[in-house]
A.B. asks: 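I have a structure I would like to understand better, so I am pasting it below and will then ask my questions one at a time.
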Amino acid sequence: MVAAKYIVGNWKLHGNERENAARFAALKAGCRPSDALAVCVPFPYLAQAQQALQGSTIGWGAQNVSEHAKGAFTGEVSATMLADFGCSCAIVGHSERRSLYGEDDAAVARKAQAVATVGMTPIVCVGETLTERERGETAQVVTRQLAAVLAHASPETKHKLVVAYEPVWAIGSGQAALEEDVREVHALLRKQLNQAGVTGTRLLYGGSVKAGNAAALLNITDVDGALVGGASLNVEEFLAIAQAAQA
Ligand code: PEP
């Protein structure tokens, strides 16, 4: 059987208890057994996600994690703490973390390792900025970002990674990448993983995925799912993306 495409929502800095309750209920009601869904919610709502979603087939996770296991790191949240709330995954290296909070390739690699160490799935984001794209540096940037993670990862971690190609310029812009560009970058990432002896990695595409473009994007070779920001806040649309994944 072909594995279901993995559709992950990134709620970013949105939601409150009331809105979340409605979203979790609608997700549970509309999710089909064949869907592979997860939502990455703000830290304070992990307990709410756990309570609402446990027993369902929908996973939940975080949008960031500390690279440290414990210690004097005020404001940080460790992977073990996320595991305590039943998280199945955590996003690491989202472009907003890289650009707004100065996370570099090495920090992203340490975070991916920290997540995998506690048995969760690190969803590692890679992607070029518009300037890098215009300079023709896309391949160089994404391979450098993935190489940093692979170089730091234990042999077990390498096989637990999910990699999300998210062109920075496509995130939140309403303008997804062109299908041929997605195909090319995913093929490149697949080759890089294969050369590192890592097979079967799920490669997600992220950047303005909507119900209307999901089928075309998810049909591209080597696109095994989607990381969805804005559209994941609208449950109907998020579920439509999941449906498109199986169309
Ligand atoms: C994201 O934040 O990971 C993302 C892909 O956002 P959007 O879908 O809104 O472009």
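Reckoned from all heavy atoms, side chains included, excluding hydrogens, waters and symmetry mates.
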A.B. asks: Is a donor from one side chain sitting under 3.5 angstrom from an acceptor on the other, for Glu128 and Trp169?
C.D. replies: yes
A.B. asks: Minimum heavy-atom separation for His159 and Gly197, please, with both atom names.
C.D. replies: CE1-O, 3.5 Å
A.B. asks: Less than 4.0 Å between a side-chain N and a carboxylate O, is that true for Glu156 and Lys160?
C.D. replies: no
A.B. asks: Give the intermediate values and the outcome of side-chain contact (heavy atoms from CB on, under 4.5 Å) for residues Leu27 and Phe238.
C.D. replies: CA-CA 9 Å; Leu27 272 174; Phe238 188 61; 3.6 Å; yes
A.B. asks: How many angstroms lie between atom CD1 of Ile171 and atom CD of Glu166, to the nearest 0.5 angstrom?
C.D. replies: 4.0 Å
A.B. asks: Does atom CD (Glu184) have a neighbourhood of more than 12 heavy atoms from anything else shown, all under 6.0 Å?
C.D. replies: no
A.B. asks: Side chains of Glu134 and Thr131: is there a donor and an acceptor less than 3.5 Å apart?
C.D. replies: no
A.B. asks: Around atom CD of Gln175, are there more than 12 heavy atoms from other residues, nucleotides or ligands closer than 6.0 Å?
C.D. replies: no
A.B. asks: So, taking the atom named CG in Leu161 and the one named CG in Leu146, what distance separates them when rounded to the nearest 0.5 Å?
C.D. replies: 7.5 Å
A.B. asks: Which of these passes side-chain contact (heavy atoms from CB on, under 4.5 Å) with Val92: Ile123, Val115, Asn64?
C.D. replies: Val115
A.B. asks: Is Gln51 atom CD crowded by more than 12 heavy atoms from other residues, nucleotides or ligands, each under 6.0 Å away?
C.D. replies: no
A.B. asks: If the test is side-chain contact (heavy atoms from CB on, under 4.5 Å), which one of Leu53, Val235, Leu37 qualifies with Cys31?
C.D. replies: Leu37
A.B. asks: Using modelled atom types and a 3.5 Å cut-off, is there a donor and acceptor pairing between side-chain atoms of Lys5 and backbone atoms of Leu218?
C.D. replies: yes
A.B. asks: Check whether any side-chain N or O of His68 sits under 3.5 Å from a backbone N or O of Lys70 as a donor-acceptor pair, and report yes or no.
C.D. replies: no
A.B. asks: Does the pair Trp11 and Phe43 meet the rule for a ring-ring contact (aromatic ring centres under 6.0 Å, His included), with working shown?
C.D. replies: CA-CA 11 Å; Trp11 286 8; Phe43 291 135; over 10 Å; no
A.B. asks: Supply the atom-to-atom distance Ser88 OG to Ile58 CD1, rounded to the nearest 0.5 angstrom.
C.D. replies: 11.0 Å
A.B. asks: For the residue pair Gln246 and Asp35, confirm or rule out a side-chain donor-acceptor distance under 3.5 Å.
C.D. replies: yes
A.B. asks: Can a salt bridge be assigned to the pair Arg190 and Asp224 using a cut-off of 4.0 Å between side-chain N and carboxylate O?
C.D. replies: yes
A.B. asks: Which is it for Val41 and Asn20 under the side-chain contact (heavy atoms from CB on, under 4.5 Å) test, yes or no, and what are the steps along the way?
C.D. replies: CA-CA 9 Å; Val41 305; Asn20 301 345; over 6 Å; no
A.B. asks: Has Leu100 got more than 12 heavy atoms of other residues, nucleotides or ligands less than 6.0 Å from its CG?
C.D. replies: yes
A.B. asks: Would you say Ser208's side chain and Gly174's backbone share a donor-acceptor pair under 3.5 angstrom?
C.D. replies: yes
A.B. asks: With the threshold set at 4.0 Å, does a side-chain nitrogen-carboxylate oxygen contact exist between Arg97 and Glu103?
C.D. replies: yes
A.B. asks: Could you go through Glu19 and Arg23, starting from their C-alpha distance and side-chain angles, then the distance that decides it, and tell me whether this counts as salt bridge (charged side-chain N to carboxylate O under 4.0 Å, His left out)?
C.D. replies: CA-CA 6 Å; Glu19 287 174 7; Arg23 286 195 182 110; 3.8 Å; yes
A.B. asks: Could you tell me whether the side chain of Gln145 and the main chain of Gly127 form a donor-acceptor pair under 3.5 Å?
C.D. replies: yes
A.B. asks: State plainly whether the residues Asp105 and Arg144 are in salt-bridge range, i.e. N to O under 4.0 Å.
C.D. replies: yes
A.B. asks: Using a 3.5 Å distance criterion without hydrogens, assess whether the side chain of Tyr6 forms a donor-acceptor pair with backbone atoms of Val8.
C.D. replies: no
A.B. asks: side-chain contact (heavy atoms from CB on, under 4.5 Å), that's the test. Do Leu193 and Leu203 meet it? Break it down for me.
C.D. replies: CA-CA 10 Å; Leu193 286 158; Leu203 298 180; 3.8 Å; yes
A.B. asks: Take a 6.0 Å sphere around CD of Gln54 and say whether it holds more than 12 heavy atoms from other residues, nucleotides or ligands.
C.D. replies: yes
A.B. asks: Would the number of heavy atoms belonging to other residues, nucleotides or ligands and lying under 6.0 Å from CD of Glu236 be above 12?
C.D. replies: no
A.B. asks: Check the pair Leu188, Lys191 against side-chain contact (heavy atoms from CB on, under 4.5 Å), reporting the backbone distance first and the verdict last.
C.D. replies: CA-CA 5 Å; Leu188 188 72; Lys191 189 166 159 209; 5.8 Å; no
A.B. asks: Within the 3.5 Å criterion, strictly below it, is a donor on Gln113 or Thr157 matched to an acceptor on the partner's side chain?
C.D. replies: yes
A.B. asks: Donor-acceptor pair, distance only, cut-off 3.5 Å: does the side chain of Gln63 make one with the backbone of Lys12?
C.D. replies: yes
A.B. asks: Is it true that a side-chain atom of Lys111 and a backbone atom of Ala90 form a donor plus acceptor pair closer than 3.5 Å?
C.D. replies: no
A.B. asks: Which pair of non-hydrogen atoms, one from Cys125 and one from Arg98, has the smallest distance, and what is that distance?
C.D. replies: O-NH2, 2.9 Å
A.B. asks: Donor-acceptor check, side chain of Gln48 to backbone of Glu17, threshold 3.5 angstrom: yes or no?
C.D. replies: yes
A.B. asks: Roughly how far, to the nearest 0.5 Å, is the CD1 atom of Ile241 from the CG atom of Leu217?
C.D. replies: 9.5 Å
A.B. asks: Please answer whether the main-chain N or O of Ala177 pairs with a side-chain N or O of Tyr205 as donor and acceptor at a distance below 3.5 Å.
C.D. replies: yes
A.B. asks: Got a donor-acceptor contact below 3.5 angstrom from the Asn219 side chain to the Ala216 backbone?
C.D. replies: no
